[in-house]
Number of protein chains: 4
Amino acid sequence: MKILPKLESKWRRLKKRVTRPSLVRKLDLVHESARKKAFQESCDTYKNQIENEYEIRNNLPKLSHGDREAFLSDGSFHQAVGRVLLVAEFFAMMPVKGVTGKHPSDLSFSWRNIRTCFSLLFIASSLANFGLSLFKVLNNPISFNSIKPIIFRGSVLLVLIVSLNLARQWPQLMMYWHTVEKGLPQYKTQLSKWKMGHTISMVMLLGMMLSFAEHILSMVSAINYASFCNRTADPIQNYFLRTNDEIFYVASYTTALALWGKFQNVYSTFIWNYMDMFVMIVSIGLAAKFRQLNDDLRNFKGMNMSPTYWSERRIQYRNICILCDKMDDAISLITMVSFSNNLYFICVQLLRSLNTMPSVAHAVYFYFSLIFLIGRTLAVSLYSSSVHDESRLTLRYLRCVPKESWCPEVKRFTEEVISDEVTLSGMKFFHLTRKLVLSVAGTIVTYELVLIQFHEDNDLWDCDQSYYS
Amino acid sequence: MKILPKLESKWRRLKKRVTRPSLVRKLDLVHESARKKAFQESCDTYKNQIENEYEIRNNLPKLSHGDREAFLSDGSFHQAVGRVLLVAEFFAMMPVKGVTGKHPSDLSFSWRNIRTCFSLLFIASSLANFGLSLFKVLNNPISFNSIKPIIFRGSVLLVLIVSLNLARQWPQLMMYWHTVEKGLPQYKTQLSKWKMGHTISMVMLLGMMLSFAEHILSMVSAINYASFCNRTADPIQNYFLRTNDEIFYVASYTTALALWGKFQNVYSTFIWNYMDMFVMIVSIGLAAKFRQLNDDLRNFKGMNMSPTYWSERRIQYRNICILCDKMDDAISLITMVSFSNNLYFICVQLLRSLNTMPSVAHAVYFYFSLIFLIGRTLAVSLYSSSVHDESRLTLRYLRCVPKESWCPEVKRFTEEVISDEVTLSGMKFFHLTRKLVLSVAGTIVTYELVLIQFHEDNDLWDCDQSYYS
Amino acid sequence: MKILPKLESKWRRLKKRVTRPSLVRKLDLVHESARKKAFQESCDTYKNQIENEYEIRNNLPKLSHGDREAFLSDGSFHQAVGRVLLVAEFFAMMPVKGVTGKHPSDLSFSWRNIRTCFSLLFIASSLANFGLSLFKVLNNPISFNSIKPIIFRGSVLLVLIVSLNLARQWPQLMMYWHTVEKGLPQYKTQLSKWKMGHTISMVMLLGMMLSFAEHILSMVSAINYASFCNRTADPIQNYFLRTNDEIFYVASYTTALALWGKFQNVYSTFIWNYMDMFVMIVSIGLAAKFRQLNDDLRNFKGMNMSPTYWSERRIQYRNICILCDKMDDAISLITMVSFSNNLYFICVQLLRSLNTMPSVAHAVYFYFSLIFLIGRTLAVSLYSSSVHDESRLTLRYLRCVPKESWCPEVKRFTEEVISDEVTLSGMKFFHLTRKLVLSVAGTIVTYELVLIQFHEDNDLWDCDQSYYS
Amino acid sequence: MKILPKLESKWRRLKKRVTRPSLVRKLDLVHESARKKAFQESCDTYKNQIENEYEIRNNLPKLSHGDREAFLSDGSFHQAVGRVLLVAEFFAMMPVKGVTGKHPSDLSFSWRNIRTCFSLLFIASSLANFGLSLFKVLNNPISFNSIKPIIFRGSVLLVLIVSLNLARQWPQLMMYWHTVEKGLPQYKTQLSKWKMGHTISMVMLLGMMLSFAEHILSMVSAINYASFCNRTADPIQNYFLRTNDEIFYVASYTTALALWGKFQNVYSTFIWNYMDMFVMIVSIGLAAKFRQLNDDLRNFKGMNMSPTYWSERRIQYRNICILCDKMDDAISLITMVSFSNNLYFICVQLLRSLNTMPSVAHAVYFYFSLIFLIGRTLAVSLYSSSVHDESRLTLRYLRCVPKESWCPEVKRFTEEVISDEVTLSGMKFFHLTRKLVLSVAGTIVTYELVLIQFHEDNDLWDCDQSYYS
């Protein structure tokens, strides 16, 4: 009967072996002692970190209480994007109510809202303008260069309609975004909360300012040009006859029409710039969410975490992927219009760059506008490819999971990160990654070399040509 | 002896631990209580859903009993494609017997069938026509534009032969399709059964109507053209001399030959359009099968399903993949002919678009035909790439499998979906995905830019040129 | 003490559970009874099949004893490739001893062998010829077309040197091949043993015959040409002056030189054709080995096989992969020369096709040679891509492994097949797959369109041009 | 009571079964005896190997004690790259202190160091030179060919600035490199330690010598050229007026300026060559580290190793990957400048090759420089792609792990090797693999064919053109 207690103690050991190995594999014998220590240390580090975190979290509100005005941000995309959408609404896009509200549930869309009416009115006005442009272009010989006004006004019109449709989905999208954000690991500092919003504001501000500067330069250059090929005695009339030639191709000059044309031009130019910025801003938002997750993973890099930790992170990663998918479905038409537009305009501008400029004002405007165009295209490409880059970065932390805490959940997480291609796309026809930038650049150079073949110097800057964009 | 019962109870617990962990991993301690509740709830939801389903299934036949005539469809591809093949048979393609039969076992192919004889006769007739075209083209200087009639008649001839061969395999293919369909999760509603057939009918109807409209316009334009470069006094003779110049290049005009030529033209035009539509229809069918599977997966998304469930779904997915492979083997030559044809014709038409049109009738016909061609190519590309898109969609539901029911079967299913490339293909040289559309578009633009170089305006619309197609 | 026997019976059951689950997972409860039956059946089928196999194997030698002469093949690559190498040796390539021997161990290479001396002599002769060609080309204006003789003779020289080096490795390569073949599942029928050798013979025979026909046509055309631009009164002298212009550019005409030139031409033409055929033959051999493995997997498709079975198959697959790697290292320079040569020659020939032919003999020779060239290129591409296709086919059988016998070995096998890219390659710069064919075709068309730009009709068929090759 | 001892023996066996199967799966019954022997043998082989190794390690220091001077290398990258950096410092790049020190901890960067000051001074001087070049180019018509001086001097300037920044990070990078190297399996022989350093020295020496030879030839050719289009009576003045035309475009000739220009030219040429060599050297270093790991894996190929062995190798592999990443981040701008430069210069040189050379000296210089350029580009491409090739080679050894020692660690290792893309890159826009070489070659040919179109013979070698690079 003595062996029975012995048997029982064996029982206990056996049980441990039977239940444990599939969760945490035994440390190899050779390194066991060294590793155990390291494991213990990392556990301690982890505990301390967790405790520090809790303290920081608890203390932060108190500390930042004083300068709350400066650090209002709660790190949500809805709040960061509020002012951007407000500007868009001023330019007849995205007629959503409550964009500056505290909570995404304040957002709403209604067909009877004043914003929606303004937007619809402007769409109608743009449609008329587009029709006039189309009429003028079709009544003249068609070339790669001459269809520029149609491409310009057509894309603006398309983006307006898409943005109206997007406005209807916006409240739901923001609510989903809010849900995802709530589930993510919390920001550690107020600074990191403030960062995404700040980047978005800066991109918007810089974009607006450069776009405004370009418009001023375009006006100076157009006035210059108009006085050079003056048709009438009135310089202002000359200017409008030039910049809105599609209107005065069918109608005689009246001040009202000229003002309408001017208004249309200013708004179209803004919208044309805004679509690039919008793609950038959404990309910044999505990349920031992946970064938020990656920051948490970096904090626990190489430590022994429980399967629950990895399971949670995986679900959070999955949620951001789904969010990314939803946003892509919503804005991919805008992305495609933005990319093809930039591709076309760079080609046309580079083709024009071969001509001798009629004046210094033209040269300044032309080169400023060309550099702005290329820079903006590059910015859109890089910001949007950053979503993909950031989503792949997660892999780096998963590679450093120590073998002791390598579990099915980590494996599943790793496999998902490897096999998913998380990007914004242009209608799924192309995916926005860094490799795209190279192929776009290659395409531009190839097209350019082919276009140069047709090039004849005198037919692009003559007085009969449609001037303004 | 007392410890023995204790030992026994430990036995039981141990046994559970030994057998269970590899199938369903224990809930993590922290979230256990919360999760158990959620698990319970999802189980309840599942049970209710299953019960509801059963009720719906049992009730549906009764409910739809009255308007059975309107909802005849049983959701099978065989039934959906019946009328499409009937039309094809009228145009000397796919001579299979029993295409409108209730069950695929009614299908049969025989060399002695009247359909087969008609088909063989038409192949012989097309061969003669092709020979005449070849003779005319080789006796004139060859250019990118002048080989159009050979490409046109050659592809039609090739498709005819391939379709004859396909007809022989059709009964077996439909039987396999039937087997796969029977194994799939059942449609929930009569509406979803009816959907695939409806889409196929609509595509066919629209394609036929547009093709017919194009043919009428082509006739108007040809009559116009014939009267402009009239060779004889008889306008009808002029028309036939023009549209069948390959015949009257070797023979003198007789009404019989003219009628044969007309018949040949009408039939060739139909077949040329039909091959695109056939690729679309097969794609719709395959995509619908993947959608049927995905619909079932969506219903149970995020729930705890048994390994059997996943095993069944995986086998069903595998079966559709094999079906997709078999169909691809059977039709991939048609797919390749269809794609290269469209590519070539778009290039030629775009090249022609640079010329000034001789009349308004020409302009209308030309632009209608160009837009129809581009639209059709785009439709084929998008429908056929939808097979791939739909097959990848499965991954979305597999990503949401909760960690409790993550088992080797789900893992295997996931890995198979990731690594398989389920697409239709052009002889395996290219795979029909959305990315192909972009590269095809890029190729067209590049070719176009190169072709423009050779362009001389006057040699494409002159009276000596082969006109029709 | 009564419970102890009970305990013991539990022991047995427990033991089974503890040891089994990781190897063969329990059948799910719902389908258990049905599956067990199916499993039993498939086991029976398997047993019967195995028994049948044994019987077939035992009976086959007896049955085929009578017509042993007709079915000599043992299905080894060494035997299949024997006569091919014998022909090569006749043309001064691959100087290996014992190529027609029964066993690869009979193979040997020696620098003092008569074959090697002949080979070295011919290399020296070719070098002289290449030098003369180079001298002539550099003393004339260089164009895409005029460098043809250097490319031709340069590649031949390069292939000769590579083949000499390959000859040194050949005995080891064949020994390794023999080892791999011995490890593979045995062929079931004498027919399947005979198949690979037969395909290789047919490819070689067809290639040789077409190559011979082309050479005859080239002679007819050259005689025709020579008599047209006759420099001297002697037609034979004219012919040699024409076809070996690089020799008579520096030396005056002697019969000995003419005969040397003719000999050089005939041998160079053979070697130029042979390199394509050699790549094809190696591809056929490798693909056949994968097919041998796949045939075995197909026989047991969907059955419950033991992990040992899968482990063996995986190692066999691995061995063929390593073999493929070794062969690729050995012949990849030949592959690259072959591909770039074909690419260049097709471009040049297509460019020449734009010219009007001076005579019917020329036209016949030219179009025959162009079609032969394109056909050969396509054949090399398709045969070499078949290695990749066949290696991927294994996946199809692995997908059908039933869930009961899904074990770590099958998983590992599957993952290896998915992630390996088993192909022949051109110095690892490009891999020979079906997708390459499309991109090669695309490149040819693009180059062609660019080359057409430089095209001037009169400078390609004049009498001062280097004619032959 | 007799059954209890029996029970206990069963206990032992059970325990083995319970604990072992997840680590080392039982040998399959059929092959068990054969395998056990093989296993035993491989164990013996392993033991012997290990013992031999220890002996070799212990004996080596004694044996090589005599010729220690010849075999100083400890196989570290820091030591191997020491002299390379010393040369760079002489040419005003990479101003790091202690590059020839024994240990990377001796490295330091300081803004006040004499090297840094020299570097900053040279950057300022280069900036002035670049400004002058820019001024000259912008005041003349711009073409693909005329922007050569800006591209040349611009890249040199960019590389200088990047290398200054790199110098600041160099100490940390070398320390990290040192850590990684210490963790790697030790070199077996002194020869293998010495190898990497030797390759680096040879590449540097050959590169320097060829670059020097090219510069001498360029001077000979320029003197020749200057005397041909002599502007003044003084041949030395003529030479400087020619080679530094960008200086004397704005200033009149003085000896001081001429010497500054000459100094600038010599240094720029070196730096322009050095950036390629630097990319090569880093690639050699990284590839050598992967090779070091692979050599160890090869030694134990196909043997039964413990999971600890694999875990260690995986972590070592991971560390080299991280090192590769860090180095890529540090030098990827240099890589991109190097590649785009080579691409541009090859295109320009090939374009120039179409012209007739004014003299033999020109022809010799030109063709030497063209071949050097192409050779250098190819060398950079192949050396840098060898990092990727070497990192993939690890897979070969992982494929041969026998099934008995196939464990989760090997699986994880394999999956990481498969899914990681370990390469140097050009700002992540392109990755340096062998496939890139082909696409670069393709791009060069395509661009060349397009550039040929604009080609006019007389405008590239005239006396007014900027001559020197």
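We name chains A, B, ... by the order of the sequence lines, and we start the count at 1 in each one.
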Inset, instruction - Find the one option among Lys428(B), Lys411(B), Met427(B), Arg412(B) whose heavy-atom pairs under 4.5 Å with chain C are most numerous. - result: Arg412(B)

Inset, instruction - Can you check whether anything in residues 317-325 of chain B gets within less than 4.5 Å of chain C, heavy-atom wise, and list it by number? - result: Arg318(B), Asp325(B)

Inset, instruction - Below 4.5 Å from any heavy atom of chain B, which atoms of Val401(C) appear? Answer side chain, backbone, both or neither. - result: both

Legend entry - Heavy-atom closest contact (Phe429(B) atom, Leu438(C) atom, distance): O-CD2, 3.8 Å

Inset, instruction - Enter the distance from Leu395(C):CG to Asp420(B):CG here, rounded to the nearest 0.5 Å. - result: 6.5 Å

Legend entry - Leu398(C) portion near chain B, given a 4.5 angstrom heavy-atom threshold: backbone

Inset, instruction - Determine whether Ser419(B) and Arg399(C) make a side-chain contact, defined as any pair of heavy atoms from C-beta on separated by less than 4.5 Å. - result: yes

Inset, instruction - Identify the residues of residues 330-342 of chain B whose heavy atoms come closer than 4.5 Å to a heavy atom of chain C, ordered by number, or report 'none'. - result: none

Legend entry - Part of Glu416(B) lying under 4.5 Å from any heavy atom of chain C: both

